[in-house]
Amino acid sequence: MNQSSDVVVYRLGPSCDLSDVEEGAIYLGKVQGFANFGTFVMLSDRVKGLVHKTNVRTEHIEREEILVRVRAIRPNGNIDLEEVILPSYEVKPVVRTVSVTRLEDLGNRIGRTVTVMGEIAQIKQTSGPTIFTIVDESGSENAAAFVEAGVRAYPEVELGSLVQLEGQVMQRNNQLQIEVRSMSVLTGDEAVEVTERIEQALDARAEPEVIPLMVESEVMTELRPEMRRIAKTIRRAVFTSRPIVLRHHADADGICSAVAIEQAVVSLIKQSGGDFDADYFLFKRAPSKAPFYEIEDITRDLDFALKDNIRYGQKMPLILLTDNGSTEEDEPALKLAKVFGLEVLVVDHHHPDAVIDQYLIGHVNPYHAGGDFGITAGMLGTEIARLINPSVESLIQHLPAVAGVGDRSEAPERQRYLDLIKEKYSEDDCKAMALALDYEQFWLRFNDGRELVKEILDLTGKNERHTEFVRLLVEGANAAIEDQMSATMPHVREQTLSNGANLFLLDVEIHAHKFTFPPPGKTSGEVHDRLCKQHAGEPVVTIGFGPDFAVLRSKGVLMNIPRMVRELRTEISGGGISGGGHLVVGSIKFVEGMRDQVLEGLIAKIAEAEVE
């Protein structure tokens, strides 16, 4: 229908008014409604005319496009139209130049009428008006449009639409809001121009500052470009009002990495305008019990994301995984994320599996730069947080040290981070915070405990309460650990392997307290630490096992747990084997009826490993 011909049909732009309408000209309009005497047609958001019933040529429905000729413009501004039918025509836009206000300047326009252009980032239908979140190159703000209570305004405007809207700037509950008078979807060259302008500005705005690492690190220096790319992606999500879901392993290292990024993102959301509680519905931090992205995790995240998309008109979220996401065990959940078009970023220090990168848009891992798990997720996450928002550095600079001691890092970076904060926090202070995090997270289960975690990590400014809170948590944790050790240590079985390694076995299912702190993994770790002290300088491997799992810890034996798991899965038919982790710290799952065969095969592989 838009073929070139001698007949020109005009399309009025959103800013056009009655002065842009000419008698005798043909316009492309949209049916607004019907009356006994004719059909009302909108030529633009501001211009409406009437086709008398004697001049209607075909039947129409509301919001259908229609070609009309202007018969007359009356002195009172009413426009008489007649429908025309054309086999072909050329559409020519009528554009009026208007002064467009950037969203960041709305604070200087309170009470005045403005025109803004941008992308719709959220559409929320309330019991009253429809609330549109609009994003331009400078920021984001809300615009309220009202038809009648609970009725969707401008149904043609969708999530991601480029629009031009006009309205009055108001302040409600200390929040800026545009009360919409007109809104139209931009198309063609106008839409392309606005898109390009926003994209260019956002690209520059999202670029992180060039700042040095907090400590010297060859590995993190090499990872720096990918860290910057992940930080830029997160900053761009904030500036475009895209929700972020941060999943992390529920231990001290995972919590520190996530909380560092949480502080950076939340403060950036608040600086970027929008609703006063935007940080709560645009950012969610959730712990993962396992050190990988479980099916249970992605199911919860998809459920909430799809509900928020339907109910609140939110975009689908950006997924960020810290202290998990790199291993073969993450693949099933990442496949589900891909089905729904979710983009995933990973900041991890578990030994990576090459197959994972096909599901990710960004991946920081020390193994990519010749490092290992000694560069913890908390160290990586804090450095990325500084790139997201440098203003939080003084608040979070101790988190890498807490993560390092909590994850028993032996990398030189651990001491460098401790030296960085020694005037305020000692190594014992950091160990106390790490243990308090592990203890409190056990009782929090799947809850993020946002405010409690901030108290433990001394992020609230209430130092006296922080000190007393951590002291009580550490006291409770140590009492629980001692109780567990007194029950378990007498049942540890020892054997010497052919490679000279001291192997210790503990059935944590029948020789440890259940459903309390410390859980089986940490119980095995505590047993391993005590055995390493008893056998200082000797190679030690500890296996804590239950009916269908085993947790491994090694010191002085050069194992590769992910590879061992893959080999056992192939070698033991019907074992139902899965698992992974770090090279010398990890876990393995299997079916209960095959436990003896799996443990036997596992011990055989440990005996083949090189001893330092």
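Computed over heavy atoms, backbone and side chain alike; hydrogens, waters and symmetry mates excluded.
Relative to the ring axis of Y359, K335 does not place its NZ or CZ within 45° and under 6.0 Å from the centre.
We find the CZ-CZ distance between R109 and R112 to be 5.0 Å, quoted to the nearest 0.5 Å. Within the model, atoms CG of D348 and CG of D330 stand 7.0 Å from one another, a figure rounded to the nearest 0.5 Å.
Nearest heavy-atom pair, H363 versus I230, reported as atom, atom and distance to 0.1 Å: N-CD1, 3.9 Å. Closest heavy-atom contact between F239 and L202: CB-CD2, 3.7 Å. Residues T133 and S140 approach most closely at CG2-CB, 4.5 Å, considering heavy atoms. Minimum heavy-atom separation, A143 to V180: CB-CG2, 3.7 Å.
A side chain to side chain donor-acceptor pair (under 3.5 Å) with H60 is found for one member of K30, E83, E65 and no other, namely E83.
Looking at R285, its side chain never comes within 3.5 Å of a backbone N or O of R247 through a donor-acceptor pair. Checking side-chain atoms of N309 against main-chain N and O of Q314 turns up a donor-acceptor pair under 3.5 Å. Using a distance-only test at 3.5 Å, with no hydrogens or angles considered, no donor-acceptor pair links the side chain of E226 to the main chain of L223. With hydrogens and angles disregarded, no donor-acceptor distance shorter than 3.5 Å links the side chain of N447 to the backbone of G449.
No hydrogens or angles considered: a donor-acceptor pair under 3.5 Å links the side chains of Q125 and T130. Side chains of S288 and D297: a donor-acceptor N/O pair is present below 3.5 angstrom, by distance only.
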Quick one: side chains of residues 379-388, donor-acceptor pairs under 3.5 Å with protein atoms, not counting sequence neighbours, listed by atom name and distance.
residue : atom : partner : partner atom : Å
T382    : OG1  : G378    : O            : 2.7
E383    : OE1  : R386    : NH1          : 2.7
E383    : OE2  : M214    : N            : 3.1
E383    : OE2  : Y417    : OH           : 2.8
R386    : NE   : E393    : OE1          : 3.0
R386    : NH1  : P212    : O            : 3.1
R386    : NH2  : P212    : O            : 2.9
R386    : NH2  : E393    : OE1          : 3.2

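Partners of D357 according to the salt bridge (charged side-chain N to carboxylate O under 4.0 Å, His left out) rule, which considers only residues two or more places apart in sequence or in another chain, do not exist here. With sequence neighbours excluded, the residues that form a ring-ring contact (aromatic ring centres under 6.0 Å, His included) with H349 are H582.
Under a 4.0 Å N-O distance rule, the pair E207/R228 qualifies as a salt bridge.
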